[in-house]
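A, B, ... follow the sequence lines: proteins, then strands. Residue 1 opens every chain. The figures here come from the full heavy-atom set of this structure, side chains too, leaving out hydrogens, waters and symmetry mates.
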There are 2 protein chains.
Amino acid sequence: MEIRERLSLNMRRLRQSKGWSQEEFAHQAGLHRTYVSDLERGARNPTITVVDKLAVALGVPVGALLDEQHSAAS
Amino acid sequence: MEIRERLSLNMRRLRQSKGWSQEEFAHQAGLHRTYVSDLERGARNPTITVVDKLAVALGVPVGALLDEQHSAAS
DNA sequence: GTGTGACTAAGAGTCCGTG
DNA sequence: GCACGGACTCTTAGTCACA
């Protein structure tokens, strides 16, 4: 799986587990609404500083967003 | 610590543990020699696709490059 | 073998909308 | 609340010559 797709899936899962909308999440991370939307769709290739912001906002290490997560799903 | 600095330290440590020169490492990752040099100096703000290449070349998860590593030094 | 400034094309990141 | 588009500025990707 490509890294952009991994990020996409991980950030959506973690965001939803916080009960945040994309807009709320974008605000928390100090990013733009539409950009977070793009990232969740795997349509962008962010820099590591952006990923760091996301990770900090979610309270997880950066690896939790970029590494493949072994979810319960088949 | 900033994420660029974490990347810088981690990639240098991991590269050296492989006994690779920057040149050799750049070749393995499919990147330019001077670009790897810049990254190790924390002079660049790479995208996640670049970091992914580095991680694959080193045979480690991306988190190993971006998360803070608890080295023995203290 | 590595650090550094400079350069161009491409893409990151922001902001305006719409359905 | 989210996907998606266009347009904009500024930075990154990737490379070179030189120290």
Side-chain angles (χ1 to χ4, degrees), chain A residues 1-67 69 71 73, chain B residues 1-67 69 71 73:
Chain A
M1 194 189 320
E2 256 193 51
I3 190 162
R4 272 159 57 165
E5 193 179 350
R6 296 204 301 271
L7 173 65
S8 168
L9 296 174
N10 288 329
M11 68 183 282
R12 175 159 300 186
R13 183 169 38 76
L14 291 166
R15 171 178 69 80
Q16 291 178 338
S17 78
K18 289 249 174 192
W20 286 343
S21 67
Q22 287 182 351
E23 199 166 359
E24 174 71 14
F25 181 28
H27 181 68
Q28 294 293 332
L31 295 170
H32 227 264
R33 194 188 103 238
T34 57
Y35 192 54
V36 168
S37 170
D38 285 354
L39 289 178
E40 281 198 7
R41 285 162 38 227
R44 295 273 189 156
N45 193 30
T47 55
I48 59 175
T49 57
V50 165
V51 179
D52 193 46
K53 285 184 186 175
L54 299 174
V56 169
L58 290 166
V60 298
V62 180
L65 284 170
L66 296 180
D67 289 333
Q69 302 301 314
S71 69
Chain B
M1 194 189 320
E2 256 192 50
I3 190 163
R4 272 159 61 166
E5 192 179 353
R6 296 204 299 270
L7 173 64
S8 168
L9 295 174
N10 286 329
M11 68 183 282
R12 175 159 297 183
R13 182 169 39 76
L14 290 167
R15 171 177 69 80
Q16 291 177 339
S17 78
K18 290 248 174 192
W20 286 343
S21 65
Q22 286 183 351
E23 202 165 357
E24 174 71 13
F25 181 27
H27 182 67
Q28 295 292 333
L31 295 171
H32 207 84
R33 177 185 75 75
T34 57
Y35 190 58
V36 169
S37 170
D38 284 355
L39 289 178
E40 280 198 8
R41 287 163 37 230
R44 296 261 192 165
N45 192 29
T47 56
I48 60 175
T49 57
V50 167
V51 179
D52 193 46
K53 284 185 186 175
L54 299 175
V56 169
L58 289 166
V60 298
V62 180
L65 284 170
L66 295 180
D67 288 332
Q69 301 302 312
S71 68

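Considering only side-chain N and O atoms, A:Arg12 lies under 4.0 angstrom from the phosphate OP1 or OP2 of D:dA3. Close to D:dC2, at under 4.0 Å from its OP1 or OP2, lies no side-chain N or O of A:Ser37. Side-chain N/O atoms of B:Asn45 include one lying less than 4.0 angstrom from OP1 or OP2 on D:dT12. Between A:Thr34 and the phosphate of C:dG13, there is no side-chain N or O to OP1/OP2 separation shorter than 4.0 Å. Between B:His32 and D:dT15 there is a side-chain polar atom (N or O) within less than 4.0 angstrom of OP1 or OP2. Considering only side-chain N and O atoms, B:Tyr35 lies nowhere under 4.0 angstrom from the phosphate OP1 or OP2 of D:dG14. Checking the phosphate oxygens (OP1, OP2) of D:dC2, no side-chain nitrogen or oxygen of A:Arg33 falls inside 4.0 Å. When the side-chain nitrogen and oxygen atoms of B:Arg15 are compared with OP1 and OP2 of C:dT2, one or more of them lie within a distance under 4.0 Å.
For A:Arg41, the side-chain atoms get nearest to D:dC4 when compared with the rest of D:dC4, C:dG3, C:dA12. The side chain of B:Arg44 sits closest to D:dG14 out of C:dG3, C:dG13, D:dG14.
Put simply, CD on A:Glu24 is 15 Å from C1' on D:dC2, counting in whole angstrom units. Whole-Å rounding puts the B:His27 NE2 to C:dT2 P distance at 15 Å. Taking atom CE of A:Met11 as the reference point, atom P of D:dC2 lies 11 Å away to the nearest angstrom. Rounded to an integer number of Å, the gap from CG of A:Leu39 to C1' of D:dA3 is 14 Å.
Along DNA chain C, the nucleotide nearest to B:Glu40 and the one nearest to A:Val50 differ in position, and the one closer to the 5' end is contacted by B:Glu40.
Residue-environment remark: CD (B:Glu2) stays at or below the threshold of 12 foreign heavy atoms within 6.0 Å.
To the nearest 0.5 angstrom, A:Glu5 atom CD is 10.5 Å from A:Asn10 atom CG. A:Arg41 contributes atom CZ, which lies 9.0 Å from atom CZ of A:Arg12 (distance to the nearest 0.5 angstrom).
B:Leu7 approaches B:Pro46 most closely through the heavy-atom pair CD2-CG, 3.7 Å. Here the shortest heavy-atom pairing between B:Arg4 and B:Gly42 reads NH2-O, 3.0 Å.
Looking at heavy-atom distances under 4.0 Å, B:Asp38 makes contact with a base.
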